[in-house]
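In what follows, a single structure is set out as structure tokens and then discussed.
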Protein chains: 2
Amino acid sequence: MRRIIAYGLLGGVLVALLKVIEYEHFVHTYPGEIYGGLVAVVFVVLGIWLGQRWRRSHEVVVREVPVEVPAAGAAAPGGPFAADLSQLERLGITQREYEILRLIAEGLSNREIGERAFIAENTVKTHSSRLFDKLGVSRRVQAVQRARELRLLP
Amino acid sequence: MRRIIAYGLLGGVLVALLKVIEYEHFVHTYPGEIYGGLVAVVFVVLGIWLGQRWRRSHEVVVREVPVEVPAAGAAAPGGPFAADLSQLERLGITQREYEILRLIAEGLSNREIGERAFIAENTVKTHSSRLFDKLGVSRRVQAVQRARELRLLP
DNA sequence: TCGAGAATCACCCGAAAGTAGGACGACGAA
DNA sequence: TTCGTCGTCCTACTTTCGGGTGATTCTCGA
């Protein structure tokens with residue numbers, strides 16, 4: 001409900017912005033193509049931003065990938081990896097937390113993880129904190145190590 | 001690749017759409033405000049769509065199907081690990097630094113490493129700092145990851 | 001429609017990690 | 001001897017992490 005109001009206000013701001021742009025006599029100074037193009041670009045960017053915030057359940061697509069593990073002998077590091085997702089459920093690790101775990105394992109800082117996942121650094125901290133709890137560790141290197149033991153990471 | 005083409009086509013459609021709208025404008029059917037508003041609305045919606053699409057593509061949850069695990073018997077990767085010591089020489093990593101690297105990979109803190117190796121925490125920092133230089137990384141998780149790639153760690 | 005779980009974000013604080021620079025002694029090669 | 005490398009240790013500083021608490025929003029299912 002509050003969100004709708006917020007969007008309403010946002011719409012107002014947009015219209016105002018539009019007015020301002022128009023007031024600048026863009027229409028008269030530049031040909032219509034440029035004006036329209038500018039407006040389009042600005043609002044496409046804005047729409048993308050909105051769209052990323054406006055999340056829906058159906059956005060999550062679960063893709064099942066059959067993976068085969070090479071038989072004994074020359075294992076292929078970097079080859080197909082099968083994550084033991086039952087461990088996730090057993091430990092109560094959420095999808096988002098698992099995502100953060102993988103990003104941690106890539107050596108990213110919390111800030112970088114935030115940028116990658118479109119969330120605030122604080123949120124990353126919250127996720128990783130809970131993740132550490134569930135993994136029973138207290139440092140990120142340990143988390144990665146533990147996750148590898150649990151076959152959550154390659 | 002196909003995605004790029006798709007986006008290219010999409011861009012073309014956008015331009016065409018713009019042209020059409022513009023045509024309407026030049027016919028002076030609508031005043032500039034309405035024209036701009038229309039463009040804005042259309043492209044906001046389009047942006048939202050794009051944003052959600054983009055986000056979805058980044059939220060794909062890869063769920064691997066359970067697979068057979070190689071015989072429990074000592075598989076090569078789990079067995080005795082042979083570090084590629086030539087990499088050490090190539091990168092100019094000393095024995096001591098390699099030792100610190102292994103301890104880092106165990107998830108120990110600098111203090112714990114110092115206790116384990118009977119050296120001061122500051123010394124550990126010096127070693128790890130030089131180690132990071134030689135590995136071309138800046139964080140310990142990255143160092144472990146990189147070392148694994150270089151087959152310096154299991 | 002209510003509540004539980006999730007995801008999000010904020011603020012604070014202390015600890016840990018990392019940066020930059022310098023210093024010193026041991027040892028071996030030039 | 002002189003030079004370079006290694007290992008050790010230091011100060012001082014900035015950044016990052018991790019813990020704790022509290023709050024809002026959203027979704028889903030009962």
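Sequence lines set the chain letters: A, B, ... in the order given, protein chains first and strands last, and positions in each chain run from 1. Values reported hereafter were calculated over all heavy atoms of this structure, with side chains retained and with hydrogens, waters and symmetry mates removed. None of these values were measured; they are calculated from a predicted model.
For the pair D133(A) CG and dC17(D) P, the interatomic distance rounds to 18 Å; values are reported in whole Å. Put simply, OH on Y98(A) is 19 Å from C1' on dA6(C), counting in whole angstrom units. Atom NZ of K125(B) and atom C1' of dG21(C) are 14 Å apart (whole Å). For L131(A) and dA6(C), the CG to P distance is 13 Å, given to the nearest whole Å.
If you check residues 106-115 of chain A against DNA chain C, you find no residue with a heavy atom closer than 4.0 Å. Only S138(B), R139(B), R140(B), listed by number, bring a heavy atom of residues 138-149 of chain B to less than 4.0 angstrom from any atom of DNA chain C.
Atom CZ in R146(B) sits 11.5 Å away from atom CG in L101(B) (nearest 0.5 Å).
A close approach under 4.0 Å does occur between a side-chain nitrogen or oxygen of S129(A) and OP1 or OP2 of dG19(D).
Direction of the helix axis in the helix from dT1(C)-dA30(D) to dA30(C)-dT1(D) shifts by 40° between the two five-pair termini, rounded to 10°.
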* Asked: For nucleotides 5-10 of chain D, read 5' to 3', which letter fits each nucleotide if B means a protein heavy atom sits under 4.0 Å from the base, S means only the sugar-phosphate is that close, and - means neither?
  -> -SBBBB
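Partners of Q87(B) under the side chain to side chain contact (heavy atoms under 4.5 Å, CB included) rule, at least two apart in sequence or in another chain, are D84(B), R90(B), L150(B), L152(B). With sequence neighbours left out, the side chain to side chain contact (heavy atoms under 4.5 Å, CB included) criterion links R139(B) to S109(A), E112(A), Q142(B). By the side chain to side chain contact (heavy atoms under 4.5 Å, CB included) test, L103(A) pairs with E106(A), L108(A), I113(A), R116(A), sequence neighbours left out. Shown here are the salt bridge (charged side-chain N to carboxylate O under 4.0 Å, His left out) partners of R111(B), two or more places apart in sequence or in another chain: E121(B). Judged as a salt bridge (charged side-chain N to carboxylate O under 4.0 Å, His left out), and not counting sequence neighbours, E115(B) has no contacts.
Within the structure, the side-chain hydrogen bond (donor to acceptor under 3.5 Å, both in side chains) test picks out the following pairs touching residues 125-134 of chain B (sequence neighbours left out): E97(B)-K134(B).
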* To do: Verify salt bridge (charged side-chain N to carboxylate O under 4.0 Å, His left out) between E99(B) and R102(B), making sure each step is shown before the conclusion.
  => CA-CA 5 Å; E99(B) 195 181 334; R102(B) 287 191 310 250; 5.3 Å; no
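Using a 4.5 Å heavy-atom threshold, the side chains of I93(B) and L135(B) count as touching. Residues N110(A) and N122(A) form no side-chain contact, since every pair of their non-hydrogen atoms from C-beta on lies 4.5 Å or further apart.
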Name the pairs: protein N/O against N/O of nucleotides 24-27 of chain C, kept only if under 3.5 Å.
none

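In terms of heavy atoms, L153(A) sits closest to A105(A) at CD1-CB, 3.6 Å.
A cation-pi geometry, defined here as NZ or CZ lying under 6.0 Å from the six-membered ring centre and within 45° of its normal, does not hold between R96(A) and Y98(A).
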